[in-house]
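Note that the coordinates shown come from a computational prediction; the quantities given were computed from them, not determined experimentally. Each chain gets a letter, A, B and so on, in the order the sequences are listed, and its residues count up from 1.
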Protein chains: 2
Amino acid sequence: MEDTAVRLEKIIAKLREQSFRITPQRMAILKILLNSSDHPSVEEVYRQVKVDFPTTSLATIYKTVHLLKELGEILEIRLAADRNRYDGKRPYPHPHLICTECSNIIDPEVGFIEQITSEIEDSSGYQVLSHQLEFFGICPNCQKR
Amino acid sequence: MEDTAVRLEKIIAKLREQSFRITPQRMAILKILLNSSDHPSVEEVYRQVKVDFPTTSLATIYKTVHLLKELGEILEIRLAADRNRYDGKRPYPHPHLICTECSNIIDPEVGFIEQITSEIEDSSGYQVLSHQLEFFGICPNCQKR
DNA sequence: ATACATGCAAAACATTTGCATAAGA
DNA sequence: TCTTATGCAAATGTTTTGCATGTAT
């Protein structure tokens with residue numbers, strides 16, 4: 001895995017290249033997303049940004065998240081019964097394991113996805129571009145209760 | 001696969017058992033869901049129900065769909081950027097292949113899911129109860145354009 | 001007869017959008 | 001300076017809810 005600080009620099013360079021402006025709000029949102037492995041929601045990012053920039057608006061979070069999604073720098077995770085969550089660490093499709101009790105999300109190691117994808121392409125004629133694989137269950141912590 | 005008429009009877013019996021009432025609206029909604037393999041949206045079910053029962057309300061569709069979901073008789077599919085769709089044919093988790101151009105959904109044959117599930121349970125300690133696997137791509141028809 | 005379902009309208013909720021103002025470049 | 005981003009409020013779209021009325025049992 002790439003160092004977060006290095007990745008931050010690269011993204012900033014990419015933003016500059018495409019003449020997007022580097023604002024304090026964008027920097028704050030970016031840093032939070034790059035450093036969170038708990039797949040935060042927009043609301044959660046908002047909460048964290050407001051600590052340092054209390055006047056920031058929710059709309060700005062939404063707009064920035066949208067921009068970063070377009071640039072391929074974050075991945076959007078749509079849950080079955082919850083608000084959207086975002087992953088700035090691994091902005092490419094990968095499986096998630098979601099606790100239905102406490103909403104905790106982890107990234108399990110999973111093989112087979114490539115095989116499944118080409119299997120599907122062969123049998124359906126579809127050109128598969130991405131996928132979304134979510135497992136729902138009870139995490140070890142919640143099983144104890 | 002089970003005959004639709006037989007399954008309809010079974011579901012009606014189940015509803016009666018749990019003292020839910022058999023109304024014309026519920027019958028209509030049930031029949032539509034059991035006979036659709038194109039994963040209709042609530043709006044689409046609404047459109048079809050209104051042909052025979054023009055005074056039916058959207059709220060009733062939502063309430064009935066919710067009930068059938070609770071009873072485990074239909075599966076809810078949440079798309080990445082669209083409205084919810086429902087599958088009354090196969091009301092258990094299974095993969096979907098979704099065209100990002102025309103929103104067509106088909107059910108590809110896929111192996112490995114059981115292996116993946118137990119692999120994940122072993123490595124994470126989670127008790128996996130269900131999953132959601134969606135592949136996104138371009139269907140053969142849309143590739144031609 | 002009596003509880004439950006329906007249909008309407010309003011509410012709820014996350015997300016998006018328009019626009020005047022602020023601020024990077 | 002000039003264009004883009006921000007922040008506010010209003011709009012949007014889907015889904016849910018409350019309640020009076022209708023209806024299955």
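- The interatomic distance linking B:Ile22 (CD1) with C:dA5 (P) rounds to 10 Å, in whole Å.
- Where B:His66 and A:Ser57 meet DNA chain D, the nucleotide closest to each residue was compared, and A:Ser57 sits on the side nearer the 5' end.
- Residues A:Gln115 and A:Glu119 bring no donor and acceptor atom of their side chains to less than 3.5 Å of each other.
- In this structure, CD1 in B:Ile138 is found 7.0 Å from CD in B:Gln143, a value given to the nearest 0.5 Å.
- For the pair B:Tyr46 OH and D:dT15 C1', the interatomic distance rounds to 14 Å; values are reported in whole Å.
- Checking C:dA9, C:dT6, D:dT6 against every side-chain atom of B:Ala59, the shortest atom distance belongs to C:dA9.
- Note: CD1 (B:Ile61) to P (D:dT15) measures 13 Å, nearest angstrom.
- Atom pair A:Glu17:CD and C:dA25:P shows a separation of 14 Å (rounding to whole Å applied).
- Donor-acceptor pairing under 3.5 Å, judged by distance alone, is present between the side chain of B:Lys63 and the base of D:dG18.
- Counting to the nearest Å, the C1' atom of D:dA5 and the CG atom of A:Leu68 are 14 Å from each other.
- Comparing D:dT15, D:dT6, D:dG7 against the side chain of B:Tyr62 picks out D:dT15 as the nearest.
- In this structure, of D:dA5, C:dG7, D:dG7, it is C:dG7 that holds the atom nearest to the side chain of B:Gln25.
- The separation between A:Leu67 atom CG and C:dT15 atom P is 17 Å, rounded to whole Å.
- Nearest-nucleotide mapping onto DNA chain C: of B:Ser19 and B:Thr60, the residue sitting toward the 5' end is B:Ser19.
- Atom CD1 in B:Ile29 sits about 12 Å away from atom P in C:dA5, given to the nearest Å.
- Distances from the side chain of B:Thr23 to the nucleotides D:dG7, D:dT6, C:dT6 place C:dT6 closest.
- Comparing D:dT25, C:dT6, D:dT15 by their closest approach to the side chain of B:Leu58 singles out D:dT15.
- Side-chain atoms of B:Lys50 never come within 3.5 Å of backbone atoms of B:Ser57 as a donor-acceptor pair (strictly under, hydrogens ignored).
- Here the nucleotide nearest the side chain of A:Arg21, chosen from D:dT6, C:dA23, C:dA3, is C:dA23.
- Following rounding to the nearest Å, B:Phe53 (CZ) and D:dA24 (C1') show an atom-to-atom distance of 14 Å.
- Which of D:dG7, C:dA5, D:dT6 sits closest to the side chain of A:Thr56 comes down to D:dG7.
- Rounded to the nearest 0.5 Å, atoms OG (B:Ser130) and CZ (A:Phe136) are 6.0 Å apart.
- Looking only at distances, no side-chain donor or acceptor of A:Gln132 sits under 3.5 Å from a matching main-chain atom of A:Pro95.
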